[in-house]
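Just below is one structure, and these are the notes that go with it.
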Amino acid sequence: MSLRPIEWDDIVRAEQRIRGKVAKTPLVKAHRLSERLGQEVYLKCENLQVTGSFKARGATNFVQALATEGDEGRQLIGVTADRSVQGVITGSSGNHGQAVAYAAQQVGLPCVVVVPEDVIGVKEQAIRGFGAEVVRCGRTSSERIAKAEEIAEARGYVFVPPYDHPLVAAGQGTAGLEILQQRPDVRMVFVPVGGGGLISGVSTAVKSRLPGSQVVGAEPELANDTYLSLEAGKVVDIGVSTTVADGLRSNHPGQYTFPIVQKRVDRVTLVSEAAIWSALRDVLAEKLLAEPSGATSVAAAVRAAAEGWLEGPAVCVISGGNAAAEVLVEALA
Ligand SMILES: *Cc1c(COP(=O)(O)O)cnc(C)c1O
């Protein structure tokens with residue numbers, strides 16, 4: 001498997017692979033925020049993506065290459081020609097689990113999603129709704145990954161990583177390609193950062209066409225692993241995080257994605273839990289539903305405006321809309 005950093009052409013190729021299988025999401029002007037922050041602010045609505053988050057892009061790019069491109073596609077993934085592929089598997093109860101289940105259903109490949117024993121009912125139902133088998137195991141992600149690897153080995157399934165793979169990062173980058181088409185004069189793009197798949201893809205797209213624009217990562221103070229890794233100049237692990245932005249609780253950036261982030265992302269801005277809640281209300285005020293992770297980009301833009309460095313036209317990627325009912329109740333209380 002080639003581990004060179006993804007480039008523009010990889011994202012163009014991803015866009016061709018996933019076209020018609022995932023949504024081209026709208027870019028809408030945030031009227032209230034623009035007025036309040038004194039710069040034009042737009043929202044890239046991945047909350048309206050199929051499965052409710054951008055993760056459908058990367059998972060679809062990966063699974064399509066695996067299932068439809070023969071030896072060439074398998075080579076991109078690192079599956080040798082002699083191995084038989086009976087299905088796909090992953091270990092996430094959240095947006096990535098739904099995305100892989102969706103992508104597998106599109107190509108008619110069996111799919112297993114390993115979830116924690118205490119998974120909430122609606123998430124498990126969403127995964128089953130895309131025809132995947134759900135296996136419950138443990139409470140930590142390392143327990144789930146170990147279980148997924150065991151099942152993969154026993155059944156001949158391929159593991160689909162949540163962020164740390166060129167095909168996944170390139171798939172997520174198609175959101176950046178659309179931003180360029182929808183707002184060719186964009187000056188700043190704010191992107192939520194977990195393991196770094198989304199921002200490595202989006203920064204690759206945006207920087208290769210608009211090197212003078214800025215790509216800014218948004219990370220919770222309580223999940224500042226990429227921020228600290230950039231400071232240290234190497235991957236740093238922060239241990240368990242408790243931020244309300246559950247999609248950003250990765251404890252370290254990816255080994256594959258981190259060098260791309262180092263090279264192409266201008267800065268990472270930290271946002272407090274209070275700022276994330278406030279940004280969630282800001283997005284609701286624009287008549288859109290975000291989950292906390294998805295609103296962190298808005299929290300970062302609000303911070304940028306307060307510090308005097310927000311430059312419009314700015315785009316905030318609303319990375320997902322799968323908010324739990326309790327979260328919405330709390331946001332509106
Ligand atoms: C996974 C996820 C992220 C983080 O994406 P990475 O590619 O891991 O950086 C952000 N927002 C939402 C809604 C997610 O599901």
Side-chain angles (χ1 to χ4, degrees), residues 1-25 44 46 49-51 53-79 88 90 92 95-96 99-100 102-104 106-107 109 158-182 189 191-211 213 215 217 226 247 250 253-265 315 317 319-320:
M1 179 170 80
S2 145
L3 281 182
R4 66 169 174 79
I6 50 166
E7 299 294 345
W8 172 259
D9 287 349
D10 299 301
I11 297 170
V12 171
R13 186 78 197 84
E15 193 279 327
Q16 292 161 349
R17 261 191 214 107
I18 71 176
R19 194 183 296 161
K21 295 168 185 84
V22 304
K24 180 168 177 174
T25 55
K44 177 62 172 164
E46 290 301 300
Q49 184 53 266
V50 291
T51 75
S53 85
F54 71 91
K55 286 214 174 64
R57 296 176 183 269
T60 300
N61 192 39
F62 187 103
V63 171
Q64 285 286 331
L66 175 70
T68 70
E69 291 173 17
D71 287 349
E72 215 174 301
R74 295 158 63 112
Q75 212 166 35
L76 289 173
I77 286 160
V79 176
V88 289
T90 197
S92 147
N95 290 335
H96 181 61
V100 173
Y102 170 82
Q106 294 286 302
V107 294
L109 211 52
V158 174
F159 183 79
V160 185
Y163 52 85
D164 216 20
H165 191 282
L167 284 168
V168 175
Q172 322 303 30
T174 59
L177 196 142
E178 289 173 16
I179 291 169
L180 290 171
Q181 294 164 350
Q182 292 166 316
V189 183
V191 186
V193 180
L198 178 61
I199 200 167
S200 58
V202 168
S203 63
T204 298
V206 170
K207 288 295 194 170
S208 43
R209 285 303 173 269
L210 296 175
S213 65
V215 176
T226 295
S250 57
Q255 292 291 344
Y256 174 73
T257 53
F258 182 62
I260 301 174
V261 171
Q262 271 181 311
K263 197 158 117 179
R264 297 180 179 144
V265 173
V315 171
V317 179
S319 53

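We number each residue from 1, following the sequence as shown. Everything numeric here is computed off the predicted structure, so don't read it as measured data. Below, each value reflects all heavy atoms present in this structure, side chains not excepted, and no hydrogens, waters or symmetry copies.
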Margin query: Under the criterion side-chain hydrogen bond (donor to acceptor under 3.5 Å, both in side chains), I'd like the reasoning laid out for Ser200 against Arg264: C-alpha separation, chi angles, the key distance, then a yes or no.
Written below: CA-CA 8 Å; Ser200 58; Arg264 297 180 179 144; over 6 Å; no

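Of the possible polar contacts, one joining the Gln49 side chain to the Ala23 backbone as a donor-acceptor pair under 3.5 Å is found. Judged by distance alone, the side chain of Thr90 and the main-chain N or O of Val160 form a donor-acceptor pair under 3.5 Å. Looking only at distances, a side-chain donor or acceptor of Asp164 sits under 3.5 Å from a matching main-chain atom of Gln255. Gln182 places a side-chain N or O within 3.5 Å of a backbone atom of Thr25 that can act as its donor or acceptor partner. Of the possible polar contacts, one joining the Lys207 side chain to the Ser213 backbone as a donor-acceptor pair under 3.5 Å is found.
Here the side chains of Val202 and Lys44 are not in contact, with every heavy-atom distance at 4.5 Å or above. Side-chain contact between Leu66 and Leu167: absent, with no pair of heavy atoms (C-beta onward) separated by less than 4.5 Å. Looking at Thr226 and Thr257, their side chains never come closer than 4.5 Å, going by heavy atoms from C-beta outward. Side-chain contact between Leu177 and Trp8 is present, with heavy atoms from C-beta onward closer than 4.5 Å. You'll find the side chain of Arg57 stays beyond 4.5 Å of the side chain of Asn61, heavy atoms only. Side-chain contact between Pro192 and Ser319 is present, with at least one heavy-atom pair separated by less than 4.5 Å.
The nearest pair of heavy atoms linking Leu180 to Arg209 is CD1-CB, 3.8 Å. For the residue pair Lys263 and Pro5, the shortest heavy atom distance occurs at NZ-CG, 4.2 Å. Across all their heavy atoms, Gln64 and Thr68 have their closest contact at O-OG1, 2.6 Å. Among all heavy-atom pairs drawn from Val168 and Tyr163, the shortest one is CG1-CA, 3.8 Å. Minimum heavy-atom separation, Val22 to Ala56: CG1-O, 3.7 Å. Minimum interatomic distance between Leu198 and Gln172 (heavy atoms only, all atoms of both residues): CA-CB, 3.7 Å.
For Gln181, the CD atom sits in a packed shell: over 12 heavy atoms of surrounding residues, nucleotides or ligands are nearer than 6.0 Å.
A distance of 11.0 Å separates CD in Gln75 from CD1 in Ile77, rounded to the nearest 0.5 Å. Here the CD1-OG1 distance, from Ile199 to Thr204, works out to 10.0 Å after rounding to the nearest 0.5 Å. Here CD1 of Ile260 is found 9.5 Å from CZ of Arg4. Values are rounded to the nearest 0.5 Å. Distance check, rounded to the nearest 0.5 Å: OG1 of Thr51 to NE2 of His96 gives 11.0 Å. Expressed to the nearest 0.5 Å, how far CD of Gln16 lies from CD1 of Ile18 amounts to 11.0 Å.
Of the candidates Val265, Val317, Val206, Val315, Val191 forms a side-chain contact (heavy atoms from CB on, under 4.5 Å) with just one, namely Val317.
Ion pairing between a basic and an acidic side chain is recognised when a charged N comes within 4.0 Å of a carboxylate O; Glu178 and Arg19 show no such pairing.
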